[in-house]
*Asks:* 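I have a structure here, written as structure tokens, and I will follow up with some questions on it.
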Amino acid sequence: MKHRAALFTLFFFIPFLSACVTTSGVTRGESASHPSVGVDVGEASSFRSLVSAKELESAAAKEYNSIIQKAQKELVTNTAQGQRVVGIAKRIIAFAPLFNEDAKDWEWEVNLIKSDAINAFCMPGGKIAFYTGLTEGLKLTDDEIAIVMGHEAAHALREHARAQIGKSRVTSVGASLLGIFVGGGQYDRVFGFGANLLTLKFSRDDESEADLVGIDLAARAGFDPRAGITLWQKMAAAGGGSPIPWFSTHPGSANRIQEIEAALPKVMPLYEEASKK
């Protein structure tokens, strides 16, 4: 009887989850109205509804604080280069609520870490870190830093991590319930966030979306969105045929450049308007 009950639950629960994640409408984290100009990426993934935004942001803040504490000796946020990154971030953040209304209430943090790593990230809730291997190692211009900043902020604004965790929960629940049926397994701990939010892998669609939202944010903030092309050219050259951390996600540089070029007519007017101010 126990196995039959578990099997019934499996076939009942999975369709229920599927219904949950396909429901349309504006929910927490979505903008009530999309920007009237610029890129249009539609509604964010409904898989987010399976994960508490507040709990995820709290977990992200703790992980971020741990990273910053461990990097205390390498923190160069208060240097000229660090303040340069912070200044660019502030201009990008000003337009963040256009893509996520909750962003206006986030406790944004920005830090620059001295490291050869060619990397940057923005965790849920607006926790940003850049590494000098990216900013200085690749000799990025302000416009190129803004493109990276916009891209990373876009992952947080579109709640890609929250959606990825939501998707994994659907898979984990199904597998765990099946485990009960075939082997008496337990599924009471499948709703964790995982040990490290930075290990989450975004999909091709997530990366493409972050590229588009990123150049939109950069353009609104007065940075040239065409820098997305030179950025990816530098990233490709730095890779030298081998993947580097920030470059290891797909699609490849050639496809990303093509997508950015295709989107330029939508964002160049934003940049031109911002440049007049």
Side-chain angles (χ1 to χ4, degrees), residues 9-32 34 41-67 93 96-109 120-129 150-180 185-214 217 249:
T9 303
L10 173 64
F11 284 102
F12 171 78
F13 193 54
I14 297 304
F16 172 76
L17 285 177
S18 297
C20 253
V21 298
T22 55
T23 302
S24 61
V26 176
T27 59
R28 187 186 192 282
E30 292 178 4
S31 177
H34 292 297
V41 288
E43 302 294 350
S45 171
S46 294
F47 277 101
R48 293 153 37 258
S49 63
L50 298 177
V51 179
S52 165
K54 289 185 178 180
E55 290 181 14
L56 181 59
E57 289 164 16
S58 177
K62 290 178 181 178
E63 186 172 335
Y64 181 81
N65 288 338
S66 176
I67 292 170
I93 291 168
L98 287 173
F99 290 94
N100 187 321
E101 291 177 348
D102 292 329
K104 66 182 183 297
D105 298 320
W106 287 355
E107 295 182 2
W108 292 84
E109 293 184 51
F121 64 81
C122 179
M123 300 178 77
K127 308 302 183 184
I128 300 172
H151 175 99
E152 294 304 322
H155 279 308
L157 294 171
R158 298 293 289 173
E159 299 186 284
H160 290 158
R162 189 179 170 203
Q164 287 295 327
I165 294 171
K167 291 176 186 178
S168 69
R169 285 184 172 184
V170 172
T171 304
S172 297
V173 170
S176 298
L177 288 174
L178 183 60
I180 289 175
Q186 295 295 318
Y187 64 96
D188 58 338
R189 291 186 295 176
V190 299
F191 284 162
F193 291 131
N196 190 335
L197 287 170
L198 295 183
T199 63
L200 288 174
K201 300 298 182 183
F202 297 125
S203 68
R204 180 190 181 99
D205 287 343
D206 288 344
E207 291 296 336
S208 295
E209 186 173 275
D211 284 344
L212 295 179
V213 173
L217 287 168
T249 51

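Remember, predicted model here, so these are calculated numbers, not experimental data.
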*Asks:* Without swapping roles, check the side chain of S208 against the backbone of R204 for a donor-acceptor pair under 3.5 Å.
*Replies:* yes
*Asks:* Which heavy-atom pair separates L157 from N100 by the least distance, and what is that distance?
*Replies:* O-ND2, 2.8 Å
*Asks:* Would you check if the side chain of R162 reaches a backbone N or O of V51 as a donor-acceptor pair within less than 3.5 Å?
*Replies:* yes
*Asks:* Are the side chains of W106 and P97 in contact, using a 4.5 Å heavy-atom criterion?
*Replies:* no
*Asks:* What is the distance from atom CD1 of I165 to atom CD of E159, rounded to the nearest 0.5 Å?
*Replies:* 11.0 Å
*Asks:* Indicate the atoms forming the closest heavy-atom contact of C122 with A156, along with that distance.
*Replies:* SG-CB, 3.7 Å
*Asks:* How long is the gap from CD1 on I128 to CD1 on I93, to the nearest 0.5 Å?
*Replies:* 4.5 Å
*Asks:* Would you name the heavy atoms of W108 and A103 that are closest together and state the gap between them?
*Replies:* NE1-O, 3.0 Å
*Asks:* Start with the C-alpha gap between D206 and R158, add the side-chain angles, then the distance that decides, and say whether side-chain contact (heavy atoms from CB on, under 4.5 Å) holds.
*Replies:* CA-CA 9 Å; D206 288 344; R158 298 293 289 173; over 6 Å; no
*Asks:* Checking H155 against E209: is there a side-chain donor and acceptor pair closer than 3.5 Å?
*Replies:* no
*Asks:* If only atom types and distance count, is the side chain of K127 paired as donor or acceptor with the main-chain N or O of F121 below 3.5 Å?
*Replies:* no
*Asks:* Are Q164 and S45 packed together at the side-chain level, in the sense that at least one heavy-atom pair is separated by less than 4.5 angstrom?
*Replies:* no
*Asks:* For the residue pair A161 and L56, what are the closest heavy atoms and their distance?
*Replies:* C-CD2, 4.4 Å
*Asks:* Report, as yes or no, whether the 6.0 Å neighbourhood of atom NZ on K104 holds more than 12 heavy atoms from other residues, nucleotides or ligands.
*Replies:* yes
